[in-house]
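See below for the structure under consideration.
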Amino acid sequence: MHIRLLLTISLTLASPLTQILAHPSFATHSKTSPLIATEVDKDCLNKHNYLSPDAATPRGKKIFIADVPTYFRLDAERPPTKVLLFLSDVYSPFNDSNQLVQDGFADAGFHVLGIDYFYGDSVSNYIGRPQEEILAWIEQGRRQADEALPRWLKGVKQIYGPNAKYSTVGYCFGAPYSMDLGATNEVVANAIAHPAFLTEDHFTQLTKPVFLSCAEYDRTFPPGNLTRAADILRETEKSYHIQIFSGTEHGFATRADPADSNAVWAKDESLRSIAEWFDRFSK
Ligand SMILES: *[C@@H]1O[C@H](CO)[C@@H](O)[C@H](O)[C@H]1NC(C)=O
Ligand SMILES: *[C@@H]1O[C@H](CO)[C@@H](O)[C@H](O)[C@H]1NC(C)=O
């Protein structure tokens, strides 16, 4: 009931922004391939931060790779064989919720690197601002990510070398970049959670195994489009796995209300299963 009520409210509030965000100029990498997940919208922007004062403290640090700020969590106990590239949502890898997710992957045995393609200027600075400003911010973020990712990845590979196993996970805004990498030999596998900005090409062009961690309620990647994505993956004989969590909405994989046991379970299970998916291909 609680969730349904919130959803109704957010749907009512969402319409004007959603219309503006449906603007095609920054929708996709491909102008011709049909859309399968649309733009960052209100569901992405107005998320609660559920961290309480006694929540865990992030344990990573800020470094620069190819001049791009990067959240870095190293477990000195482990050899640098498994490297996880974390492609964040609009809140940036330095958002406390996202830092804790990255720490979770580090605890699961990965060297975690979260690229900040927003260069410290995350959407948190724009909440409540006029829609045009938010749109301009998103477009700039896309341009910055397009420009920064290739040289950042080169820098990462100089650190860890050719024998490490690289995998990548993209949340919302980060999803298309994760899917792009999944079509190259840069990574052994990719994963996306509640994705935005995808076209059918992102699925047909994949060459690496993909994991989809999905919310039951997601206007950016609604059920019919998720089904279409699954059909493409099957028809084109990709290696894939899809999970859907009932009672969840867009954003569920990075933050959960501690009072909502279903939400907490879904968030933890998403992380655990993505880590296991990457483990499979990192031997
Ligand atoms: C779902 O897919 C259809 C067909 O490609 C597309 O027109 C629509 O924009 C998609 N919806 C979202 C929310 O991406
Ligand atoms: C982190 O993101 C949440 C939304 O999930 C936001 O409420 C909060 O202000 C952000 N924290 C920082 C430090 O930007």
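In this text the structure is predicted, and so the values were computed from the model without any measurement. Just so you know, ligand 1 is whichever comes first in the structure, and atom 1 is the first atom listed for that ligand.
Where the criterion is an N or O separation shorter than 3.5 Å, residue side chain and backbone included, Leu35 meets it with respect to ligand 1. Looking at Arg219 next to ligand 1, no N or O pair under 3.5 Å apart turns up. Ligand 1 has no nitrogen or oxygen under 3.5 angstrom from a nitrogen or oxygen of Glu200.
Here the side chain of Thr70 pairs a donor or acceptor atom with the backbone of Val68 at under 3.5 angstrom. In this structure, the side chain of Glu216 does not engage the main chain of Thr248 through any donor-acceptor pair within 3.5 Å.
Ring to ring, Phe173 and Tyr117 are close: their centroids are under 6.0 angstrom apart. For His111 and Tyr160, the ring centers sit closer than 6.0 Å to each other.
Note: the hydrophobic cluster containing Phe211 also contains Phe110 (ILVMFWY, side chain heavy atoms under 4.5 Å, direct or indirect links). There is no path of hydrophobic side-chain contacts, each under 4.5 Å, that joins Val156 to Phe94.
Counting heavy atoms under 4.0 Å from ligand 1, residue Asn225 touches it through the side chain alone.
Of all atoms in ligand 1, listed by their number and element, those nearer than 4.0 Å to a heavy atom of Thr220 are 13 (C), 14 (O). In summary, the atoms of ligand 1 found under 4.0 Å from a heavy atom of Ile36, numbered by their order in the structure, are 14 (O). Near Pro34, meaning under 4.0 Å from any of its heavy atoms, are these atoms of ligand 1: 5 (O). Annotation for ligand 1: atoms under 4.0 Å from non-hydrogen atoms of Ala37 are 14 (O).
Checked against Asn190 for a side chain to side chain contact (heavy atoms under 4.5 Å, CB included), the options Leu181, Leu206, Leu87, Ile274 give a single hit: Leu206.
Checked against salt bridge (charged side-chain N to carboxylate O under 4.0 Å, His left out), Lys157 has the following partners two or more places apart in sequence or in another chain: Glu186.
The immediate protein surroundings of ligand 2, defined as residues with any heavy atom under 4.0 Å of it, consist of Lys47, His48, Asn49, Tyr91, Asn95, Asp96, Ser124, Arg255.
Electrostatic pairing of Asp89 and Arg255 counts as a salt bridge here, judged by a charged N lying under 4.0 Å from a carboxylate O.
Cation-pi geometry between Arg73 and Phe105 is not satisfied (NZ or CZ under 6.0 Å from the ring centre, within 45° of the ring normal).
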